[in-house]
Amino acid sequence: MNAPQPNSKTLPPLRHFLQFNDFTRDEIEYVFARAAIIKRKFKNYEPHFTLSDRTLAMVFEKASTRTRVSFEAGMYQLGGSVIHLTTGDSQLGRSEPIEDSARVISRMVDLIMIRTYEQTKLECFAANSRVPVINGLTNEFHPCQILADIFTYIEHCGSIQGKTVAWVGDSNNMCNTWLQAAELLDFNLHVSTPPGYELEPERAGIFSAERLEQFADPMDACRGAHLVTTDVWTSMGFEAENEERRAAFADWCVDSDMMAIADPSAVFMHCLPAHRGEEVTAEVIDGPQSVVWDEAENRMHVQKALMEFLLVGKQ
C-alpha cells in the first residue's frame, strides 16, 4: 500500500445543513465558537483562507439581498470562489429533474447553497448531491438565520440556555426553526400568532411541551422575555394574502410597550427586510434594544464557520 502523501487531505463525512437540528448541540456550539474566531480575524483584517481551493454554487429560486451578499462575500473572504445561479439559469425540476441537476452541479463545485420554496425540493437535491448542501431558506425552515440570531444573542447577552425567546407574528419558517433551536439548545420559546395563523400541529408536535408556550395576547408572550423577535407579516410567496394579513396582524406589531414588559436586558431582532409601522415600530427597530444590524452582519460570519465545518471539518 502506498504511503499517504504529505499534502493529502482527509475530507470530513458528507453532511448537509437543511434544518437546524441536522447538527448536534456540540456541533452548533462549535460553529458559534468558530464564528467568533472568524469574526475577530475579519475585524482585525487578518487573512483566513481556509477554503482557498473551493467553489460555492448558490442557487436562487427566491430572490435575496442578505443571503447572497453574506454567502458570496463570506466565501471570497475564505479564499474560495462563487458561482451565482438564478431561476433563469437553473430551474430546479422544470428544465430537468432535480436529481439530474444535483448530480451535475455537485460534480463541478464543492458546496451548494439553495434558496427555494418547498423543503422537499431541497431534500431531493441533497439526496442526489456528492457535496454538502446548505438551506439558504425554504418555506418551512431558515436555519442559517437562526444560527446568526443565536450567535448575536450570545455576543450581547451570554448563553441562551434557560432564557426565553418571544416570537410575535406569523408561524412561518423562522418560527419553525426557532422551535428546533429551542429544543436543541435548551431555551424557552413563547409564540403569539393571530387566530388562523397558529403553529401547524405537526410542527408543534415535534417539540417538547416544557419548552414551548403559546399565547393569544402578544403582550403576554413578551412578558419577561430575554429576546423579542418577529418577521414580516407576508412572507415571499404569500403576496396575494397581503391585505388580509395586514388586518389580521394589526395587534401583533412589536412596539415599545412589548419591549418594556420584557426582561430589562431584552434585545430585539428581525431577520429583515423590515416594514416599520407594520410588524415593528421604528421606535423599537431603531432603538437602543435593537441588535438587528449586528444580527444581519453575523449571517456572514456564522455561514463562513458553517461552510468551513462542512468542507474541512473541525479546525
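- A salt bridge links Asp170 with Arg245; the closest basic N to acidic carboxylate O contact falls under 4.0 Å.
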Residues Asn298, Lys39; criterion side chain to side chain donor-acceptor pair (under 3.5 Å); working and verdict
CA-CA 8 Å; Asn298 283 337; Lys39 183 175 182 178; 2.9 Å; yes

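- The CD atom of Gln161 sits 10.5 Å away from the CD1 atom of Ile154 when rounded to the nearest 0.5 Å.
- Neither Ile114 nor Leu137 shares a network with the other; the hydrophobic side chains, linked directly or stepwise wherever heavy atoms of I, L, V, M, F, W or Y lie under 4.5 Å apart, form separate groups for each.
- The CD1 atom of Ile105 sits 4.5 Å away from atom CZ of Phe125, with the distance rounded to the nearest 0.5 Å.
- The main-chain N or O of Ala221 is found under 3.5 Å from a side-chain atom of His190 such that the two form a donor-acceptor pair.
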How far apart are the C-alpha atoms of Asn172 and Tyr197, what are their side-chain angles, what is the distance that settles it, and do they pass the side-chain contact (heavy atoms from CB on, under 4.5 Å) test?
CA-CA 9 Å; Asn172 61 9; Tyr197 297 90; over 6 Å; no

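- For Asp100 (side chain) and Glu96 (main-chain N/O), no donor-acceptor pair under 3.5 Å exists by modelled atom type.
- Residues Val228 and Thr230 are not in side-chain contact: their nearest non-hydrogen atoms beyond the backbone lie 4.5 Å or more apart.
- Asn173 approaches Asn139 most closely through the heavy-atom pair CB-O, 3.3 Å.
- No salt bridge links Glu27 with Lys314; every basic N to acidic carboxylate O contact stays at or beyond 4.0 Å.
- Ala225 approaches Ala262 most closely through the heavy-atom pair O-CB, 3.4 Å.
- Two residues are said to be in side-chain contact when any heavy atoms from C-beta on lie closer than 4.5 Å; Leu311 and Pro132 meet this criterion.
- Ion pairing between Arg115 and Glu61 fails under the 4.0 Å rule for side-chain N and carboxylate O.
- For Arg130 (side chain) and Ala102 (main-chain N/O), no donor-acceptor pair under 3.5 Å exists by modelled atom type.
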Evaluate the criterion side-chain contact (heavy atoms from CB on, under 4.5 Å) for residue pair Val133 and Leu122; output intermediate values, then yes/no.
CA-CA 8 Å; Val133 176; Leu122 179 75; 3.9 Å; yes

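- Under a 3.5 Å cut-off, the side chain of Asp286 and the backbone N or O of Glu283 do not form any donor-acceptor pair.
- When each of Phe60, Phe71, Tyr76 is checked for a ring pair (Phe, Tyr, Trp, His ring centres under 6.0 Å) with His84, only Phe60 meets the rule.
- Distance CD/Gln214 to CG/Asp220: 13.5 Å, rounded to 0.5 Å.
- Between Tyr30 and Phe23, the gap from one ring centroid to the other reaches at least 6.0 Å.
- Between Cys144 and Leu306, the closest side-chain pair of non-hydrogen atoms falls below 4.5 Å.
- Residues Cys157 and Ser265 come closest through the heavy atom pair SG-O, 4.3 Å.
- Listed for the Asp186 side chain is no donor-acceptor partner under 3.5 Å among the backbone atoms of Ala182.
- Among Thr164, Leu179, Leu227, the single residue meeting the side chain to side chain contact (heavy atoms under 4.5 Å, CB included) criterion with Leu189 is Leu179.
- The closest side-chain heavy-atom distance from Met174 to Cys271 is below 4.5 Å.
- Between Arg25 and Glu29 there is a salt bridge, with a side-chain nitrogen of the basic residue lying less than 4.0 Å from a carboxylate oxygen of the acidic one.
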How far apart are the C-alpha atoms of His270 and Glu295, what are their side-chain angles, what is the distance that settles it, and do they pass the side chain to side chain donor-acceptor pair (under 3.5 Å) test?
CA-CA 8 Å; His270 191 305; Glu295 176 191 5; over 6 Å; no

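- The NE2 atom of His275 lies 12.5 Å from the SG atom of Cys253; values are rounded to the nearest 0.5 Å.
- For the pair Asn188 and Lys163, the minimum side-chain heavy-atom distance is 4.5 Å or more.
- Considering only heavy atoms from C-beta on, Val191 stays 4.5 Å or farther from Glu213 through its side chain.
- Not less than 6.0 angstrom separates the ring centroid of Phe17 from the ring centroid of Phe309.
- There is no path of hydrophobic side-chain contacts, each under 4.5 Å, that joins Met300 to Leu56.
- No side-chain heavy atom of Glu198 sits under 4.5 Å from any side-chain heavy atom of Ser171.
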Determine, stepwise, if the pair Asn176 / Gln180 fulfils side chain to side chain donor-acceptor pair (under 3.5 Å).
CA-CA 7 Å; Asn176 292 337; Gln180 294 187 345; over 6 Å; no

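- Atom CD1 in Ile38 sits 6.5 Å away from atom NZ in Lys304 (nearest 0.5 Å).
- To the nearest 0.5 Å, atom CG of residue Asp251 and atom CG of residue Asp217 are 8.5 Å apart.
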How far apart are the C-alpha atoms of Lys121 and Ile98, what are their side-chain angles, what is the distance that settles it, and do they pass the side-chain contact (heavy atoms from CB on, under 4.5 Å) test?
CA-CA 7 Å; Lys121 182 180 290 189; Ile98 296 172; 3.2 Å; yes

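- Asp263 places no side-chain N or O within 3.5 Å of a backbone atom of Gly224 that could act as its donor or acceptor partner.
- Of all heavy-atom pairs spanning Gly169 and Trp252, the tightest one is N-CD1, 4.0 Å.
- Checked against the 6.0 Å centroid threshold, His301 and Phe42 count as a close aromatic pair.
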Determine, stepwise, if the pair Val302 / Ile146 fulfils side-chain contact (heavy atoms from CB on, under 4.5 Å).
CA-CA 10 Å; Val302 296; Ile146 302 305; over 6 Å; no

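- When every heavy atom of Val131 is checked against every heavy atom of Ser129, the shortest pair comes out as O-OG, 2.7 Å.
- Using a 4.5 Å cut-off on side-chain heavy atoms (C-beta onward), Met307 and Arg54 make no contact.
- When Tyr153, Phe268, Trp178 are each tested for a side chain to side chain contact (heavy atoms under 4.5 Å, CB included) with Thr229, only one passes: Trp178.
- By the rule that hydrophobic residues join a cluster once side-chain heavy atoms approach within less than 4.5 Å of another member, Phe249 and Phe215 end up as members of separate clusters.
- Under the 3.5 Å distance criterion, the side-chain polar atoms of Gln119 are left unmatched by any main-chain donor or acceptor of Thr138.
- In this structure a side-chain-to-backbone donor-acceptor pair under 3.5 Å is present from Ser70 to Thr67.
- Of the possible donor and acceptor atoms, one in the side chain of Gln315 sits under 3.5 Å from a partner among the backbone N and O of Val312.
- Under the 4.5 Å side-chain heavy-atom criterion for grouping Ile, Leu, Val, Met, Phe, Trp and Tyr, Trp293 is connected to Met259 within one hydrophobic cluster.
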Side chain to side chain donor-acceptor pair (under 3.5 Å) between His16 and Glu123, worked out:
CA-CA 9 Å; His16 304 298; Glu123 291 170 351; over 6 Å; no

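- Considering every non-hydrogen atom in both Pro143 and Leu18, the closest pair reads CG-O, 4.0 Å.
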